[in-house]
Amino acid sequence: MEFLTDEQAAWSAVSDGERQRMLDDSVTPDCVYTDPASVSRGHRELTAKMQTTQRNFPGATFRNDKFAQHHDQAISNWTMFDGDGKAIFTGTSWARYGDDGRLAQMTGFFEPAP
């Protein structure tokens, strides 16, 4: 499955302007993102997290392997690839969406790819 949401695509190697447009369109300004290593609140902190990910893994991209959504919530299984296309992480993320359909909260779990 190659379905990517704007909030996932924003993690890719895109310009700061494109990343901000994606976040404005798909993520609430007061969103909360958590994973085992961090907590990010709002667009500014989330953008910094995304930029750090690109510095640590240049050219990184995501692929949704499975995506299910109902009642303003979603869960996805995904794979993160480095710039050479090698799988480096797999994970599962849970999300909650606001009344306007934008991402309000996400919790990610991941481990190194097999």
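Computation of the quantities below employed the complete heavy-atom set of this structure, encompassing side-chain atoms and omitting hydrogens, waters and symmetry-equivalent molecules.
Among all heavy-atom pairs drawn from Ser12 and Arg19, the shortest one is O-NH2, 2.8 Å. The minimum heavy-atom distance between Arg41 and Glu45, with the atom names listed, is N-OE1, 2.7 Å. For the residue pair Glu7 and Ser26, the shortest heavy atom distance occurs at OE1-CB, 3.3 Å.
Hydrophobic clustering keeps Met22 apart from Tyr97 (ILVMFWY residues linked when any side-chain heavy atoms are closer than 4.5 Å, directly or through intermediates). In this structure, Ile88 is a member of the same hydrophobic cluster as Met50, with clusters built from ILVMFWY side-chain heavy atoms closer than 4.5 Å. By the criterion of side-chain heavy atoms lying less than 4.5 angstrom apart, applied directly or through intervening Ile, Leu, Val, Met, Phe, Trp or Tyr residues, Phe62 is grouped together with Val27 in one hydrophobic cluster.
Side-chain contact between Gln8 and Ser76 is present, with heavy atoms from C-beta onward closer than 4.5 Å. A 4.5 Å side-chain heavy-atom check between Ile75 and Thr92 finds at least one atom pair inside the cut-off. Inter-residue side-chain proximity for Leu23 and Leu46 is flagged as met; some heavy-atom pair is nearer than 4.5 Å. Using a 4.5 Å heavy-atom threshold, the side chains of Gln73 and Trp94 count as touching. With contacts defined as side-chain heavy-atom distances shorter than 4.5 Å, the pair Val32/Ser40 does not qualify.
Looking at Arg102 and Asp24, no side-chain N of the basic residue comes within less than 4.0 Å of a carboxylate O on the acidic one, giving no salt bridge.
A side-chain N or O of Asp35 and one of Ser38 form a donor-acceptor pair less than 3.5 Å apart. For Thr47 and Arg44, the side-chain atoms include no donor-acceptor pair closer than 3.5 Å.
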### Message
Gln51 vs Arg55, test: side chain to side chain contact (heavy atoms under 4.5 Å, CB included). Steps then yes/no.
### Response
CA-CA 6 Å; Gln51 291 168 333; Arg55 275 194 303 279; 3.9 Å; yes
### Query
Which is it for Phe81 and Arg63 under the side chain to side chain contact (heavy atoms under 4.5 Å, CB included) test, yes or no, and what are the steps along the way?
CA-CA 8 Å; Phe81 298 90; Arg63 178 189 73 208; 3.4 Å; yes
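In this structure, the side chain of Gln54 engages the main chain of Ala60 through a donor-acceptor pair within 3.5 Å.
For Asp82, there are no side chain to side chain donor-acceptor pair (under 3.5 Å) partners, not counting sequence neighbours.
The neighbour count for Asp99 CG, taken as heavy atoms of other residues, nucleotides or ligands under 6.0 Å away, does not exceed 12.
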What pairs of donor and acceptor atoms, side-chain ones from residues 103-114 against any protein atom, are under 3.5 angstrom apart with sequence neighbours left out?
unit_1: Gln105; atom_1: OE1; unit_2: Arg96; atom_2: NE; d: 3.4
unit_1: Thr107; atom_1: OG1; unit_2: Thr34; atom_2: OG1; d: 3.2

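The ring-ring contact (aromatic ring centres under 6.0 Å, His included) analysis of residues 16-59, with sequence neighbours excluded, yields the pairs Trp11-Tyr33, Phe57-Phe89.
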